[in-house]
Chemist: 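I'd like to ask some things about the structure below.
Just follow the structure's listing: the first ligand is 1, and inside any ligand the first atom is 1. By convention here, the first residue in the shown sequence is residue 1.
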Amino acid sequence: MNRFLKLTILLLYGSALQAQQLSKSLSAITNIQETNESIVLTTVNGKVRIQVYAPTVIRIQATKEPTFSEFSYAVITKPSKGLYKLTKQEDKLILKTDSCELVIMQNPLRFILKDNSGTVLNEDEAAFGTSWIGEEVTTYKKMQEEERFIGLGEKTGNLNRRGEGYTNWNTDFFAYPSNGDPLYATIPFYIGLHHQKAYGLFLDNTHKSHFNFGASNNRFASFTAELGEMNYYLIANSTVEGIIKSYTDLTGRMEMPSLWSIGFQQCRYSYYPDKEVISLAKTFREKKIPADVIYFDIHYMDQYKIFTWDNKRFPEPKKMLTELDGMGFKNVVIVDPGIKVENGYKAYEEGKAQDLFLKYPDGTNYTGQVWPGWCHFPDFTNPKAREWWGASFKGYVNDGIDGFWNDMNEPATWGQRFPDLVEANFDGKKTSHREWHNVFGMQMARSTFEGTKKLMNGKRPFILTRAAYSGIQRYSAIWTGDNRPEDDHMMTGVRLVNSLGLSGVANAGYDVGGFAGEASKELFSRWMQIGAFCPFFRSHKMVDAKDSEPWSYGEKVEEIVRNYISFRYKVMPYLYATFYEATQNGMPVARSLAINYTHDPLIYDWKYQNQYLFGQSILVAPVVSYKEINKVYLPAGEWYDLNTESMYQGKQELYVETPMETLPIYIKGGAIIPMQSVVQSAKEMPFDTMYLHVYKGSSNNTFVYYEDAGDGYENNAGKYYKRDIIFNAAKNELTLTAVEGNFVSKFKTIKLMLHGFNNTTFKANENAVQANREIVEMIPGVSQFDPIGKSIDGKKSTVLSLNIKNASSKLTVSW
Ligand code: GLC
């Protein structure tokens, strides 16, 4: 080769390499093709496919490969052609649905999403649109004036994520700092808010991804996948609630949880031997602190080997679990994916023989270290492995295990450097760790859920997971991993759970009390109060820390904790119906104020961003443990102090006294809150009276009351009791619509508890009835356990009450 040719080749090669390092965006459309249910647009440097999943949901894919990816672990619905009309104009195409319009600029190819009124919801950054740097693909969106960003699942930081950047890579992050990122779960879905409008955006790419909400720049919000397709869904709903509904239409919703699994749960790394567990259960009952679940952390296993018991610590597991059950306790065992490499160990031998483990490219099983030592790991993206793992719970289920806590499923290994070359089946589309990593935990939870559901004789399995990907809500609840016993962490946990709620995960919680270390009395007590208003309510503590049960922090804390846990059990009918709502429309149990007060700037203020609604009408204002006076913000509406019954007009900042025994809680005017007598567990029947608390307000409200057997699946065959309870402010009426379903309610009588009403004469279906005065104490004060200490008065107040029969016909009470 002559020197000139050599030089030319070198120069060309050099500039090609250099070009790869530069960002290159989609260019002009050269071809438009409409197929069955998609529009494919070709450009010189990549092609794009557009599909419509619902009038509010449009998917955009961009790739440099010849074909588009058809597979998703997250999305469970299909696109349809009948949902849009495409028209061509000179420089653009317009895709119109009943709810929105997608403007597709032709040169270069860019997208603008508008609502029906023509307001821009979301638009590509005009210069950059979707671009590649090498294999990495990014979509840049113009940052709208005053735009706020919420959601993105289990992410630390402020409620409004503007100015921040995040990475999605499921990470075992022991004792993470309260601004740590990334944590355990990947949910690449956020909601943008501006100009009184809202939209949702879901990036469905399981590779490591990055979100930038104007971090280090004032020009764009962007999302990047390090590899694979640009594949995102735009959701054009006008409300946050509507967006959550659309997102959960796409990725699914939770099933109805068993009643016990929404009660209080006691955990510890680890309770053993059996005697200790039994004595723990007895202490709860003796002390009348309601609780439903005791956990078995890793020490219950023989040398941490999954599907075994330590025979010395737990010689007769079945007997012990039966005894617990007799006391009204359900149980949950931890399950870790690492399978000890040990000849003769059943799970290892089976997994090896059936070829179910993750593999290196040379076909040998990957070996990494975790609790049991050197382990292989089931490939949960292999349907065969999922089937095997799910069926392997037979022994535990026969022993009487009720719930399964999926941990270390990022997957976590000592060293925290899982080799990228390790391969997984990925449901037949074999791929490297870079692509399967973020779905491993979700597929483990799925396999555990599907397997145990088959084994449990018609009972609802309870699954808890640490690692997750979008859609996890179909299989499992999430807890936020190894937090620390610090006030800041308590608040971070509240925001993590609220953010998970905005991102499709209605059932989530944090380790109450802080996992990694010891909490002060004040912190433990405050955290338990807040935890009583968390969807998943579990206290947990790491090994080698001091005891951390409700009675471990002295008499006063014990009383406070008993009072708040008891309140959760009183409010159980409301909470259960709230979970039902999650199964229907994806609305979370812990509702960031951004759902109902989206465009009120004060709810994003750092002082108030932790406040949330527990269900429809209970406003919880988490406050730190070291301040006895705190500020609270009440958004629009009327609000009743839960304890004093004082009514406040909303849009008001208040200074409130927050002694150790008082968490500020407010009830919304118009609220409908069905309650019951205190029970010690889900197994215990409450009195046969439902206390239906109604708070007078100036706006209308509807509460969907739902009840069923609290377990099993007969509800799917019509065995439920459901009715709307409607508060009509203008008509001065409360209506209970006729009961739907054929389940007989456990409540024979409904006692209306009327808050904020002055009149004492009411009409029930046109017949005059006289209300009684009744004293209520929602959360009792702390009694005088120390005779020479200061006694704290209970907070009793008077309301009106009316007894009505719980008949299935329509009932209207008016005043
Ligand atoms: C992990 C879990 C923690 C558990 C511990 C021992 O750190 O996050 O909850 O107690 O492992 O199993």
Chemist: Below a 4.0 angstrom heavy-atom separation, can you tell me which part of Met542, side chain or backbone, both or neither, approaches ligand 1?
Modeler: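 Met542 to ligand 1: no contact under 4.0 Å from either part.
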Chemist: Decide, yes or no, whether a salt bridge links Lys459 with Asp711 under the criterion of side-chain N to carboxylate O below 4.0 Å.
Modeler: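 Looking at Asp711 together with Lys459, the answer is no, because their closest N to O distance does not fall below 4.0 Å.
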Chemist: How does Trp479 reach ligand 1, by side chain, by backbone, by both or by neither, if only non-hydrogen atoms under 4.0 Å count?
Modeler: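 Near ligand 1, Trp479 shows its side chain, while the N, CA, C and O stay back.
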Chemist: Could you tell me whether Asp511 and ligand 1 have an N or O pair separated by under 3.5 Å?
Modeler: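 So ligand 1 has no N or O lying under 3.5 Å from an N or O of Asp511.
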Chemist: Using the ring of Phe380 (Phe, Tyr or Trp, six-membered ring only), decide whether Arg446 places NZ or CZ under 6.0 Å from its centre and within 45 degrees of its axis.
Modeler: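 No, Arg446 does not lie over the aromatic ring of Phe380.
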Chemist: Might you work through the ring pair (Phe, Tyr, Trp, His ring centres under 6.0 Å) test for Tyr348 and His376, ending with a clear yes or no?
Modeler: CA-CA 8 Å; Tyr348 165 74; His376 293 332; 5.8 Å; yes
Chemist: State the atoms of ligand 1, each with its element, that fall below the 4.0 Å cut-off from a heavy-atom position in Ile334.
Modeler: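 Listed by number with element: 12 (O).
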Chemist: Determine the interplanar angle of the His433 and His437 rings, folded into 0 to 90°, and report it as parallel if under 30°, tilted if 30 to 60°, perpendicular if over 60°.
Modeler: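 Geometry flag for His437 against His433: perpendicular rings.
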Chemist: Within a distance under 4.0 Å of any heavy atom of Ile298, pick out the atoms of ligand 1 and give their elements.
Modeler: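 Contacts of ligand 1 toward Ile298, numbered from 1: 6 (C), 12 (O).
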Chemist: Compute the minimum heavy-atom distance from Phe174 to ligand 1 and say whether it is under 4.0 Å.
Modeler: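 Judged by the 4.0 Å heavy-atom criterion, Phe174 does not count as contacting ligand 1.
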Chemist: Relative to each other, are the rings of Tyr304 and Trp371 parallel, tilted or perpendicular (30° and 60° limits)?
Modeler: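 Tilted.
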Chemist: Side chain or backbone of Val543 under 4.0 Å from ligand 1, or both, or neither, by non-hydrogen atoms?
Modeler: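 None of Val543 does.
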Chemist: Name the closest protein heavy atom to atom 8 (O) of ligand 1, giving the residue it belongs to and the distance to 0.1 Å.
Modeler: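 Ranked first by proximity to atom 8 (O) of ligand 1 is Asp482 OD1, 2.5 Å.
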Chemist: Once the angle between the rings of Tyr247 and Phe189 is folded into 0 to 90°, is it parallel (under 30°), tilted (30 to 60°) or perpendicular (over 60°)?
Modeler: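 Parallel.
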Chemist: So, Lys287 and Glu558, do they make that salt bridge, N to O below 4.0 Å?
Modeler: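 Between Glu558 and Lys287 there is a salt bridge, with a charged N closer than 4.0 Å to a carboxylate O.
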Chemist: Numbering the atoms of ligand 1 from 1, which are under 4.0 Å from a heavy atom of His540?
Modeler: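 Taking each heavy atom of His540 in turn, ligand 1 has 3 (C), 4 (C), 9 (O), 10 (O) under 4.0 Å.
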Chemist: For Asp407, is at least one N or O under 3.5 Å away from an N or O on ligand 1?
Modeler: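 Yes, Asp407 has an N/O under 3.5 Å of an N/O on ligand 1.
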Chemist: Classify the angle between the aromatic ring planes of Phe567 and Phe533 as parallel (below 30°), tilted (30 to 60°) or perpendicular (above 60°).
Modeler: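 Plane angle between 30° and 60°, so tilted.
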Chemist: For ligand 1, indicate whether the residue Trp405 contacts it via side chain, backbone, both or neither (heavy-atom separation under 4.0 Å).
Modeler: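 Side chain only.
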Chemist: Among all the protein's non-hydrogen atoms, which is closest to atom 10 (O) of ligand 1, and how far away is it?
Modeler: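 Result for atom 10 (O) of ligand 1: Asp297 OD2, 2.5 Å.
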